[in-house]
Structure formats: C-alpha cells, structure tokens
Amino acid sequence: MMKLGNSPYLLLVLATCIWGSNFVAGKALVDSIPPVTLAAARWGVAFLCLLPFFGRQAWRQRREYISRWKTVLFLSATGVAGFNTLTYMAVQYTGSINAALMNSATPILVVMLASLMMKEKLAWAAMPGILVSMAGVLWIVGRGSLEALLGLSFNKGDLLMLLAVLCWAMYSVGMKKAAGLFPPSALLLVQTAVAVALLMPLSLAELLLEESGKIAEAPSLAVVSGIIYLGLFASIVAFLSWNRAIELAGPQRCAGFLNLIPLFSAIFATIFTGESIRIYHVLGALLIITGVYMTNRTKKNGQPQEGSRG
C-alpha cells in the first residue's frame with residue numbers, strides 16, 4: 001500500500017482507470033435508476049464517507065464557506081451536480097465511448113473559458129490546436145458523417161455530453177480562481193453536501209414523473225453495489241489518488257495521463273456493455289488529443305491545464 005501511495009504513475013493509472021469506468025458504470029446503472037437520482041445517490045454515498053474525516057475541519061471554517069457562498073455554490077452546481085448528472089443523462093442516449101472521448105476536449109474548453117472568465121490572454125498560437133480538437137469533437141458528434149454535421153442531425157446524448165463537458169470546464173476555471181481559499185478535502189465535502197442538497201428535490205421530481213412500476217421496484221444488489229462503487233471509488237479514491245500524484249510528480253507531468261480516461265472507458269465498454277470501437281471514434285480521438293497537445297505546447301512557463309474527470 002505504501003508503494004502504491006508513493007508511486008505517482010501507479011496512482012495516475014488508478015485514478016484514470018476509475019474515472020474511465022464511471023462512464024460505463026453510469027450507462028449500465030441508468031437502465032435501473034434515473035440519472036438525477038443516480039447522481040444524488042452517488043454523491044450521498046461520497047458525503048457519508050467524507051464526513052467523518054473532514055467534517056470537523058469544514059465546520060471550523062464554516063464562516064469562510066458562508067462568506068464565499070457564491071463561489072461554493074458555483075463549484076458545487078457545475079463540477080459536482082451538473083457534470084455528473086448531465087453525463088448520466090447523456091449515456092442514456094449515446095455510448096460511453098462517445099461520452100468519454102468528448103470529455104477529452106475539456107482542456108481546450110478550459111483554455112477558452114479562462115480567457116473569458118479570468119481575462120487570461122488567449123495566445124493566437126493556441127487557435128490551431130483549439131480548432132483541431134473542436135474538429136475531433138464534431139467528428140464524433142456527427143458519427144463520422146459530414147452529412148449529419150451539415151444537416152445538424154445530432155444524437156441527443158452527444159449534445160448533453162457537450163453540456164456536461166462545458167460544466168466541468170467552468171468548474172475547472174472556478175477552481176483556479178478559488179485556489180488557496182479552502183483546504184481541498186474539506187472543500188470537496190462541502191461541495192458534495194451542497195450538490196446533494198441541489199439534487200435531492202430534482203431527484204424527487206424525477207421519481208414522481210417515472211413510471212409507477214419502476215419506482216416500486218426495490219434496487220437490486222448490483223445497482224446498490226454500483227452506486228457504492230461510484231460514491232466511494234469514482235468520487236473519493238480517484239480524487240485522492242490524483243491529488244497525491246500531483247504532489248509527487250507535479251501537475252505538468254500528470255496532465256498527459258488524462259488521455260487514458262477514454263482508453264479505459266473504451267476497454268470497459270467493449271468488455272462489459274458490448275459497445276464497439278468504430279473508425280470515427282479513432283479519428284475523433286486522434287484529432288482531440290493532437291489538438292490538446294498543440295495547445296499545451298503554446299502555454300508559456302509550463303502552466304498546467306485542468307483536465308477531464310469522471
């Protein structure tokens with residue numbers, strides 16, 4: 001265990017493997033539990049796990065969180081509640097491979113939003129990389145069909161995933177602005193608590209609108225196990241592993257490992273859900289990764305990019 005905790009590369013593989021599985025597990029679970037309720041249950045589990053460890057610290061700093069409630073609410077609504085709920089809604093209509101690949105474009109959106117929200121100067125040299133990545137996203141959304149792109153004929157799930165990616169990019173920029181204001185682990189607990197509070201009323205409304213037969217069904221052991229997995233591993237273990245790896249190796253060396261997320265997602269999807277990797281997946285992924293690499297090359301002073309996360 002000590003060896004794992006001191007090896008940044010093993011920690012990075014662990015984190016990205018878990019985040020890659022989030023898309024596949026979410027797609028499997030939304031057949032049995034509605035997406036908003038799934039997100040609320042996942043973060044409810046995470047909250048209960050985090051509370052004994054970071055509850056006192058968060059409570060001692062409650063005045064700071066209250067005084068900056070707008071920042072906390074923004075982060076909770078975008079990165080915790082919004083991203084995951086939209087992701088689970090998306091995989092109802094699109095494949096988990098599609099969702100994970102589009103998630104890889106997050107660093108590009110972060111660069112664009114940082115120039116708008118934080119007034120960071122967007123170097124013109126970064127534009128070719130941004131355009132290449134956006135071309136990759138459009139190629140995946142259009143399923144490799146130029147006719148579908150020109151006719152604006154898109155899968156609803158792909159569009160929902162684009163909204164999810166936008167939410168995570170907004171969260172990433174918000175976290176940059178909030179850097180140093182709060183301890184990371186206690187902030188995660190507070191964000192989780194706020195997200196659950198936001199999701200619970202929406203979950204209740206969602207369940208009331210569901211078919212009565214589906215509501216009456218008791219969740220199976222597989223569904224409960226899946227929710228616990230998402231709440232414990234995808235929400236906490238992956239997060240802590242990633243942060244520990246950054247401490248050991250630095251953010252710049254860690255950023256490239258984010259491209260393992262769609263790889264793991266594709267592997268799990270082909271094994272467990274019967275999805276198949278198609279040519280447009282490969283071409284779109286190559287364009288996205290190439291664009292991210294080109295954009296990162298233009299960043300001065302080794303500034304890291306906030307990446308995608310499940």
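The basis for the numbers below is simple: all heavy atoms, side chains too, and nothing from hydrogens, waters or symmetry mates.
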| Going from CD1 on I236 to CZ on F53, what distance comes out if it is rounded to the nearest 0.5 angstrom? | 8.5 Å

| task | List the steps, then state whether side chain to side chain contact (heavy atoms under 4.5 Å, CB included) holds for N98 with F23. | result | CA-CA 10 Å; N98 268 37; F23 295 95; over 6 Å; no

| task | Enter the distance from W139:CH2 to L283:CG here, rounded to the nearest 0.5 Å. | result | 7.0 Å

| Which residues satisfy the ring pair (Phe, Tyr, Trp, His ring centres under 6.0 Å) test with F182, sequence neighbours excluded? | Y65

| Can you list every pair that meets ring pair (Phe, Tyr, Trp, His ring centres under 6.0 Å) and has a residue in residues 93-112, with sequence neighbours left out? | none

| message | Does W242 form a side chain to side chain contact (heavy atoms under 4.5 Å, CB included) with L12? I'd like the steps, not just the answer. | response | CA-CA 6 Å; W242 180 263; L12 289 167; 3.4 Å; yes

| With a cut-off of 6.0 Å (strictly less than), are more than 12 heavy atoms of other residues, nucleotides or ligands near CD1 of I279? | no

| message | Please report the interatomic distance NZ(K27) to OG1(T94), rounded to the nearest 0.5 Å. | response | 7.0 Å

| Single hit among L204, L207, L199, N84 for side-chain contact (heavy atoms from CB on, under 4.5 Å) with V36 | L199

| query | So, the side chain of S21 versus the backbone of I18: is there a donor-acceptor pair under 3.5 Å, distance only? | reply | yes

| field | side chain to side chain donor-acceptor pair (under 3.5 Å) contacts touching residues 190-205 (sequence neighbours left out) | value | T37-S203, Y171-Q191

| task | Check for a donor-acceptor pair, side chain of W19 on one end and backbone N or O of A238 on the other, with a separation under 3.5 Å. | result | no

| said: Students often mix this up, so state it plainly: with edges at 30° and 60°, are the rings of F268 and F264 parallel, tilted or perpendicular? | reply: parallel

| note | Correct closest heavy-atom pair for G95 and E275 would be CA-OE1, 3.5 Å

| task | Answer yes or no on whether R62 is positioned over the face of W59, meaning its NZ or CZ is under 6.0 Å from the six-membered ring centre and within 45° of the axis. | result | yes

| N22 and R42 side chains, donor-acceptor separation under 3.5 Å | yes

| task | Walk me through it: do V80 and L198 pass the test side chain to side chain contact (heavy atoms under 4.5 Å, CB included)? | result | CA-CA 10 Å; V80 183; L198 293 173; over 6 Å; no

